[in-house]
Protein chains: 8
Amino acid sequence: MNKDELKSLLSAVQDGSLSVDDALLKIKIEPFEDLGFAKIDTHRGVRQGAGEVIYGAGKTSEQILKICQKMLDGGEKSVLVTRLSAESADYLKQHISLTYDEVSKIAVAGEMPTAKRVGNIVIATGGTSDIPVAEEAAQTAEFYGNNVKRLYDVGVSGVHRLLDNAHILADARVVIAVAGMEGALASVVGGMVDCPVIAVPTSVGYGANFKGLSALLSMLNSCASGVTVVNIDNGFGAGYTASMINKMG
Amino acid sequence: MNKDELKSLLSAVQDGSLSVDDALLKIKIEPFEDLGFAKIDTHRGVRQGAGEVIYGAGKTSEQILKICQKMLDGGEKSVLVTRLSAESADYLKQHISLTYDEVSKIAVAGEMPTAKRVGNIVIATGGTSDIPVAEEAAQTAEFYGNNVKRLYDVGVSGVHRLLDNAHILADARVVIAVAGMEGALASVVGGMVDCPVIAVPTSVGYGANFKGLSALLSMLNSCASGVTVVNIDNGFGAGYTASMINKMG
Amino acid sequence: MNKDELKSLLSAVQDGSLSVDDALLKIKIEPFEDLGFAKIDTHRGVRQGAGEVIYGAGKTSEQILKICQKMLDGGEKSVLVTRLSAESADYLKQHISLTYDEVSKIAVAGEMPTAKRVGNIVIATGGTSDIPVAEEAAQTAEFYGNNVKRLYDVGVSGVHRLLDNAHILADARVVIAVAGMEGALASVVGGMVDCPVIAVPTSVGYGANFKGLSALLSMLNSCASGVTVVNIDNGFGAGYTASMINKMG
Amino acid sequence: MNKDELKSLLSAVQDGSLSVDDALLKIKIEPFEDLGFAKIDTHRGVRQGAGEVIYGAGKTSEQILKICQKMLDGGEKSVLVTRLSAESADYLKQHISLTYDEVSKIAVAGEMPTAKRVGNIVIATGGTSDIPVAEEAAQTAEFYGNNVKRLYDVGVSGVHRLLDNAHILADARVVIAVAGMEGALASVVGGMVDCPVIAVPTSVGYGANFKGLSALLSMLNSCASGVTVVNIDNGFGAGYTASMINKMG
Amino acid sequence: MNKDELKSLLSAVQDGSLSVDDALLKIKIEPFEDLGFAKIDTHRGVRQGAGEVIYGAGKTSEQILKICQKMLDGGEKSVLVTRLSAESADYLKQHISLTYDEVSKIAVAGEMPTAKRVGNIVIATGGTSDIPVAEEAAQTAEFYGNNVKRLYDVGVSGVHRLLDNAHILADARVVIAVAGMEGALASVVGGMVDCPVIAVPTSVGYGANFKGLSALLSMLNSCASGVTVVNIDNGFGAGYTASMINKMG
Amino acid sequence: MNKDELKSLLSAVQDGSLSVDDALLKIKIEPFEDLGFAKIDTHRGVRQGAGEVIYGAGKTSEQILKICQKMLDGGEKSVLVTRLSAESADYLKQHISLTYDEVSKIAVAGEMPTAKRVGNIVIATGGTSDIPVAEEAAQTAEFYGNNVKRLYDVGVSGVHRLLDNAHILADARVVIAVAGMEGALASVVGGMVDCPVIAVPTSVGYGANFKGLSALLSMLNSCASGVTVVNIDNGFGAGYTASMINKMG
Amino acid sequence: MNKDELKSLLSAVQDGSLSVDDALLKIKIEPFEDLGFAKIDTHRGVRQGAGEVIYGAGKTSEQILKICQKMLDGGEKSVLVTRLSAESADYLKQHISLTYDEVSKIAVAGEMPTAKRVGNIVIATGGTSDIPVAEEAAQTAEFYGNNVKRLYDVGVSGVHRLLDNAHILADARVVIAVAGMEGALASVVGGMVDCPVIAVPTSVGYGANFKGLSALLSMLNSCASGVTVVNIDNGFGAGYTASMINKMG
Amino acid sequence: MNKDELKSLLSAVQDGSLSVDDALLKIKIEPFEDLGFAKIDTHRGVRQGAGEVIYGAGKTSEQILKICQKMLDGGEKSVLVTRLSAESADYLKQHISLTYDEVSKIAVAGEMPTAKRVGNIVIATGGTSDIPVAEEAAQTAEFYGNNVKRLYDVGVSGVHRLLDNAHILADARVVIAVAGMEGALASVVGGMVDCPVIAVPTSVGYGANFKGLSALLSMLNSCASGVTVVNIDNGFGAGYTASMINKMG
């Protein structure tokens, strides 16, 4: 239930079209639905102003389905599912309406959001192999109604690729810099723009990258101001936070 | 080198006014010259409504003084200096106007910014020992013209302290969560607000905190959406980024 | 042989119904049975007041079977087997009576313990993916005769889910807090109760969780008093220790 | 906000005594206000039979003094201060009644607790150098009214020292095993007793002990059941938890 | 486009056989071709004096094919592909001319370079298992026109194997030392020659080699002067840099 | 060629039954046979007084076969192959005489050594899962002519299992202590004997054992004198060194 | 408790001279009492031809003095003290007879051992800075009656220095290889001798040596057979173990 | 021992002038004696056009003085001493001619080299705090007769500073990139030049830079070809290797 919906509900109580008891039932059956294995936060839409998201990894197809159904039944129009395997996506499609993207492993259950997209989030990657993580960020941001520009394979070892796209960066309200290996993209981008940069280290690389540690440490130590960091491969977190920032303005 | 410049250069080769070798040199080092990015720095004051910042650690008092003087001579009204030792502060005060805070180790050279503060950045700490880092964030944000509310010693082992201040958090445009030890503050705060949370791990603690590693990893793995992380003890970075976000709205 | 059985045996010697030599044979053939590859501790029941347990990982099905049979032949009524693969469980079922749970990978060979369960151990998890580890703890505790309450998916990013169950926590003699990612659950729970909290970090998560390291360090650095920690994913250890504490009262 | 409070609120909207916007605000920040958790702290003295504790490291002498005075003024009879430097102790003694122990760095402000000590906590150390940490545990436990037996320098490389004291261990309700270097004490003790063992890794050692990491990992991987672990050098945490367990029975 | 080709083009402009516009088109359609998922650096041949290379790992067969085709269409005579799986190689062979080596996982698309090989790069390995990495270095160096001598299985635990080949080492302009386990080869070789040594740690080994970390740290700490290090298993990087150094002379 | 064989050869030269040139050929065709991918150390038997050994991991079946054949052709009576997969063993058996043990993954090519075994090496393990590593040590030691006593599953959490076998330990000239998890076996054994103890950490365990790191650090920090350590899971190294020590006496 | 003792106990129960409860207590804490292992320590002087050793670090001057006096009073002729600060040495000299070496920080309390030194232990170092650790090993070995040859500054980057001393190494019964930085000395020496090599990593170096970690990992991964490792900077452990091995022959 | 020497030896055995046992000894310790590698060191001055170097850290002033004097007496005209403390420099100046630089901690004993400097080594730093390490590199390179250009404070967060100096980089035969924090300088520079880049990570930074680890990993994972890495803060190693490369051309 989002803020607008709650406001409508309260107005309905005010004008008498909804009884106190019915409103009570709708708002606080509980702030979460208890499925035993999961306590769905039906209140989050109210608190955070956006729809629910399910982290798909580590859950069975059956668990994901039950959570989706409960949410859709509870009034959510669309639910974002991240880190969803192709197998689970196939299973879900047999029971509910679902749109699935194989690259980002992101699915949308229910209706695809159709709200006009606003603002300008630029998502840059160091290389081609970083694209799956970047798409997780991009599609998350689009799900929450943001306008996204993709700038892929602009790693710092060919800094002209980045410079030639400086005008795109200059236009951003938030930049998401996605890079593995040495993760230097965040610092160079951070020095080129005057908006927040969310750095996403990826596990792309080998050897002494230690599954993303090199990019993570590099980004945390960025000498550019305005750079903050999320977990390795956490495209969703970057897309979600970027959305929060973009929609404030 | 843009298309027109390259065309001119080729024409110069064609008409003999430029030798093949000189053209070769110019093209070869292109596209890295003359891109106008030098403007970024000198324009920062214009864009951000406040001046430059110097990271004081690892620089001699003399180096810091020279940089300050160059900036002030160049037209900056005020310069922020972070991680400034008391000794260096004493040295600087003999040569330039300087305001110094011992807790945060932050100094302002030149005039204190007087612009009306806007927005609402809440800075929360897990404990008393995190305050120096929190103050680095707070005073940085204030230097850049933000309104800051301090919420210190609200660590999660006494979660009621945090809950009793929920109204303050609810009002924030950005929250900075500063915590050492297990760094759980960021996750709990992240679940309570619908604005971005910048998490600052501190090196407060002992033993298996490994100088801030425990809080850092904890914050990077936050299960709350909307949380991004900066380097251990990097109050400045958090304050600077929070300012960027706050002033966008 | 547990304490009561040993007491009976000694009484039988005292009243002459058992000869010294027969008693000698029963008590100390050896304090362990030597299978060559394993030395079964037949004395542990005496020393520790509870039945034997076999750690199934890293042992062949044949080895586990032989140990189980030796123990059951030696008078144990039931044997707990942890980390047992489904394949090994199938193999064992062909030779001995065995109850197996797929989620926790726990099996009970011989009779299921039927003693009335006492006390009150609460087992809380941060998320749905932590349930297998939590069930290892829960079923271990139940095997040893404890009453267990499950409180799953009450992670700190939605702290109201935890607060709404505060009455359940308040009733506990021991709480087991099972969480991956940032592992903050232990600290928040630790601040809410006045009984010991055993924290179990799980390997749930990705990237900078480094297979449970983030939750482990977080829990070791808990700012809440009364929190102790076991190995990553060590549900058994938590359940066993909780049982020890619960049954003391 | 419980059901009745929410019903009142909705009724207030219905009868016009509360505006929709004010109701929205109240629900939105709910369910985090007014949950009564503030009682936990002020009730701790009642529950535990002894007063508050202050972690002295990272706080100034002035800060510690103010907290002590606030607590004593608030009715606490005695306050435990851990990790207190000799300098700070000297400062405090000038203003309040304080008993200070140089080995453990523990101080008691106010009256020394005089309640009869109960139960039986055994504290064992691997070597002589572990004694300061062991004393932090011992004096914490004594402060909270427990009976403590010290068994120092019984490291496993001379296992007979431990075995010769088996009767002392056999009598314990909780054992605290304090050891640096390879930290094996916890496992050997854990196999000898049928009560909980709280393992405290210390930073004693050099080289590949990496400031306590070797003992910490060793203890977390203990093959003995019933062993839980606290942070490196965290004598207080062990003593506090042992007290909780001991006083349950 | 390499330096010589660019010079020819410029000369053609100078002598009128090529119009400025056509030259413009050839040089700077863009300094990179934008394939959406990859921005091919068509200018690198100019800047770095050698053909393009594609890092095959983490790219789909289709992506690699498209990049190869674009490059070959763009005038490259041959393209080096590293870390190419046998499956991808099979796929590529169906569409373009490709030579593939299974040991080093290196492929050359287009024509095999036929330029006379110059200089003298010696590639030594500690053991047999290091050969795949060594071959990646060797074939990279050969691709760029260098003369390579292989000296395999000359690890330091049988130092006479190395000494008996001292004359080969003495003749080198650059030595590449490839070793896993303790990585001592770099130091011993470094003390025997007066040319640069590029050390390549490999992930060969087990246990405390931590996937190449032991060799990496060992090589970084080499007590021999003139030793520099590349990433674990990075045969390509070593071969490429050795080529740069060798061809300078 | 071992010391005795070399002495015979020299005697044959002395008494004229072997010409200088033939002796020359035999001794130093080279101190190693160069197979291109491997330089076989035919001199090691001379230098180290024992037959050759091949580390099987990371070599192809074909490479291992060629090395074995070259050695056997060169006069070795038997060759030890460690870390040999069952598949490679099957392949080798088709071409040469080979005895293979599945548990330890050790094979002997050529004749099984039949020399009378001397001395007394005791090999103890903490648990059943450590047996494969222990057998690698045991069979290596037996290959080199040592008498081996196995003492398996005597981990320190049931220290009586170890104490009851104290007489076996007391008889040893060298003890090999093989243990995973907390690796405390080495310290307890080290305190019980007055001979050298070679500690072998194993990767047995889970979670914070970090693939053997916990046992490794524990053993390196052993408080018992006389304990040295080899790499994680390095049964061969322990068996080989124990043989060196045992055969000195 | 052996069979006879247990039989007596059971007979005592049978004839009523021992109550069931007392018997229960005795059996329950068995088999840990009265095992005679206390003899080990007091017999060490007898077995090893020299007295006890005290690890001086982490003990106060007073504690060291008391232990020394107790030992000397108890009949020890001489006591070895390692890691003794110059300050503590000065303090001890005021009360007991003491010989102190500033380089190795080793002291001998009581009489210097005068027994004829036997065997041949060679101690080699990579560099000059490793000498303090080497001397700790050397003087420990000499204290226990071994003949020691020092071979300092023969690091592998100048391998001829080592080779020119091959005859000294060839004569050793045990070699101790002491090295920091890349620690390669152990491997090269290990390949040159047919006796055990004890490797001592030192903390000598900087940066990525991480206080001895690089040398430690290097030595654990040595490709030479016959190499075992002790803790970083643990000269004493190496000297003590070498003595054990040397005196067996 | 070469073929001819071995033939002579065998002939001596044949004609009785050498006993079998003496021959055995000679062969057995072969092939490590008398290989002529001692020439390497004494010839270094000849080969490199400049003298020896002493690593000053970890050596006493007296040791450094003796080595210097030995070298100067032996004919070296000048000796480079690195990591020399100001105190040691003062001591040395009392005995020999010495030039000392406080920033780089580098001293030259004997005459300052006066040979004409050749080639072109560019040394770039990310920030001001990296200058001491850069100067160690610079002055080492100058000592060995190279021409050095300094390009300090051109970190990637202000990439225009680097681009504006592209012409200087374009002219280099080798570039040394010195940077702490995220160490991205190496990658950006590596993409701009077609000569080798030697990357020097520095320990400049704080928190998650872990004393240079972040820059080290970043540089090892550089996506730019032609980048190799030396140890953290190892300016000397970079300067020395750059000299080797520069002087080859």
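Residue pairs satisfying the side-chain hydrogen bond (donor to acceptor under 3.5 Å, both in side chains) criterion with at least one member in residues 174-184 of chain G, sequence neighbours excluded, are listed as follows: E:Ser187-G:Glu182.
Contact annotation for G:Leu216: only side-chain heavy atoms (C-beta onward) come within less than 4.5 Å of a heavy atom of chain F. Contact of G:Val227 with chain F is made through the backbone alone, with heavy-atom distances under 4.5 Å.
Of all heavy-atom pairs spanning F:Thr241 and G:Pro196, the tightest one is CG2-CB, 4.3 Å. Across F:Gly226 and G:Tyr240, no two heavy atoms sit closer than the pair N-CD2, 3.7 Å.
Heavy-atom neighbours of G:Lys59 NZ from other residues, nucleotides or ligands within 6.0 Å: above the threshold of 12. Other residues, nucleotides and ligands place more than 12 heavy atoms under 6.0 Å from the NZ atom of G:Lys105.
With respect to F:Thr228, the side-chain contact (heavy atoms from CB on, under 4.5 Å) criterion is satisfied by exactly one of G:Ile245, G:Val230, G:Asn234, G:Asn231: G:Val230.
Residues passing the side chain to side chain contact (heavy atoms under 4.5 Å, CB included) test with G:Ala172 are G:Val122, G:Val175, G:Cys195, sequence neighbours excluded.
Summarising the geometry, atom OH belonging to G:Tyr55 is positioned 11.5 Å from atom SG belonging to F:Cys223; distances are rounded to the nearest 0.5 Å.
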